[in-house]
Amino acid sequence: MHTACVVGTGLIGTSIALALTGRGVTTYLIDRDRDSVRIAAALGAGVPGPPPDPVDVAVIAVPPSEVARTIADHQKAELARVYTDVSSVKALVHAECLALGCDTTGLVGGHPMAGGERSGPLAARADLFQDRHWILTPTPESRESALNRVLELVSLCGAVPVLLPPADHDRAVALVSHLPHLMASLTAARLVDGEEYAVRLAGRGMRDVTRTAAGDAGLWTDILAANAAALGPLLAELGRDLTTAARALARLTEDVPQEHPAALAELTGVLRRGSTGRARIAAPHGPAGADRHRVLSIAVGGPQRQLERLLGDVAEARVDLEGMVLPDAPAVPDTTDDAVELWVAPDVARPLTDALRDRGWVVR
């Protein structure tokens, strides 16, 4: 790949452009918002304006409702030889492309599983996709050469490709992305009318649960509406669980003691299902979970209190540990000669490594 064009210079589009430019790909930037293009170009993401000749690949980074029309318009203008998009909804977009007569032989749908609560080019990072999943949804009519080109794009951005049919993609992201965002927004909405003293007590738990609620409401309305078919059944299931929990709590407030054991059992059942589900995505120890976390080996040595200092330095770095493996108990009390293994999420491995090395630790 030598040339590319990114249409839409928001967080995702500009981050892709930064990654490609950093790998030596001449990248052009197009957006109806001229200021957004100027900022992206100033950040070093590429060349503002359309390319003089068709590029190797065009990345369409616009809201789902605009993707098909944008592809159709740029295919008519012969912007690129191959097209992909970054929309988080795939089946509807593909159907709209077919309805508009797009050439789908050179089109491979895509969705990088990365982002953040901030939007716009100023939030972009060249390493945003490093080690993140990037779903590709080729269809039977997609040329093999087009798929290979988009796979090269994913590789240049440092991401891990995952191939899925469009409908399977939509069901998957409804479960792991769209539903959580909606729940974060609904939970955060409770804070609007909350007492001031209560809001001031909000800590890390509330911030973690509501983090994504800070996203662009207009964009997320577009996303959720486009994936309504996959999201609707999940909301119905969630509604039934919420009803069960609400009824159980209501029964516990009633002065009917004989009803309390059954109500507690129902509430416990809902919570246990949550624990079971969470365990499926938690980073387990051992080879099976190796792709979900990184292992940092820290040479501790010396007195046992070194371990206390290490944990203190990890806390100072504001990093959550997924797990920890201690060496065997030393033969001599108050000493430990082996390394300690720290298990962390992939996106914090490098920052924690740098922070610990700055504090004098030997990290492998």
Side-chain angles (χ1 to χ4, degrees), residues 6-17 19 31 57-71 83-98 102 104 107-121 123-125 128-139 142 150-151 153-154 157-186 211-235 238 281 347:
V6 172
V7 182
T9 50
L11 166 63
I12 300 299
T14 302
S15 293
I16 292 173
D31 198 305
V57 62
V59 180
I60 309 302
V62 300
S65 61
E66 302 176 20
V67 171
R69 173 53 61 187
T70 302
I71 291 174
Y83 295 80
T84 187
D85 70 293
V86 297
S87 168
S88 64
V89 181
K90 298 269 78 87
L92 179 61
V93 167
H94 181 68
E96 290 176 341
C97 285
L98 290 175
C102 295
T104 54
L107 173 63
V108 177
H111 178 203
M113 299 296 287
E117 59 271 21
R118 295 177 58 207
S119 59
R125 303 195 332 258
L128 183 66
F129 313 104
Q130 189 65 43
D131 298 324
R132 298 297 186 92
H133 289 131
W134 191 312
I135 304 173
L136 299 180
T137 57
T139 56
S142 300
V150 180
L151 283 168
L153 166 73
V154 173
C157 290
V160 180
V162 176
L163 271 62
L164 289 174
D168 289 354
H169 163 275
D170 289 354
R171 286 192 296 270
V173 297
L175 176 64
V176 302
S177 176
H178 299 169
L179 181 65
H181 184 93
L182 182 56
M183 295 312 300
S185 296
L186 295 176
R211 178 181 59 81
T212 60
D216 185 318
L219 174 61
W220 272 98
T221 296
D222 195 297
I223 291 170
L224 299 182
N227 204 23
L231 186 57
L234 289 175
L235 284 176
L238 181 65
I281 63 171
D347 58 336

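All residue numbers refer to positions in the sequence shown, counting from 1.
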With the side chain counted from C-beta on, respond yes when T70 and D85 share a heavy-atom pair under 4.5 Å apart, and no when they do not. no

For E66, check side chain to side chain donor-acceptor pair (under 3.5 Å) against everything at least two apart and list the hits. R32

Nearest heavy-atom contact between L179 and L175 is CB-O, 4.1 Å

What one should report as the nearest heavy-atom pair of V93 and S87 is CG2-OG, 4.0 Å

Using a 4.5 Å cut-off on heavy atoms from C-beta on, say whether the side chain of L164 contacts that of K90. no

Got C97 and L107 here, is their nearest side-chain heavy-atom distance under 4.5 Å? yes

Contact between I12 and P112 at the side-chain level, heavy atoms closer than 4.5 Å - yes or no? yes

Exam field: side chain S15 to backbone R125, donor-acceptor pair closer than 3.5 Å: yes

Within the structure provided, determine whether V62 and R69 are in side-chain contact (heavy-atom separation under 4.5 Å). no

If I take atom OG1 from residue T14 and atom CG from residue D31, how far apart are they, to the nearest 0.5 angstrom? 8.0 Å

Could you grab the distance from atom CZ of R171 to atom CG of L231, nearest 0.5 Å is fine? 13.5 Å

So T139 and H94, do their side chains get closer than 4.5 Å, heavy atoms only? yes

Check ring-ring contact (aromatic ring centres under 6.0 Å, His included) between H111 and all other residues, then give those that pass, not counting sequence neighbours. H169

Look at the side chain of D170 and the backbone N and O of N227, then say whether any donor-acceptor pair between them is shorter than 3.5 Å. no

Can you give me the closest heavy-atom contact between I16 and V6, atom names plus distance? CG2-CG2, 4.3 Å

Do V176 and M113 come within less than 4.5 Å of each other through their side chains, counting heavy atoms only? yes

For the residue pair H178 and W220, does the interplanar ring angle fall in the parallel (under 30°), tilted (30 to 60°) or perpendicular (over 60°) class? perpendicular

Could you point out which residue of V150, L153, V7 forms a side chain to side chain contact (heavy atoms under 4.5 Å, CB included) with V59? L153

Looking only at heavy atoms, which two atoms of P64 and I223 are closest? And how far apart? CG-CG1, 3.9 Å

Which atoms form the tightest heavy-atom contact between G110 and L136, and what is the distance? CA-CD2, 4.0 Å

Looking at C157 and W134, what are the two nearest heavy atoms and their distance? CB-CZ3, 3.7 Å

Any chance you could measure T212, atom OG1, to L182, atom CG, to the nearest 0.5 Å? 9.5 Å

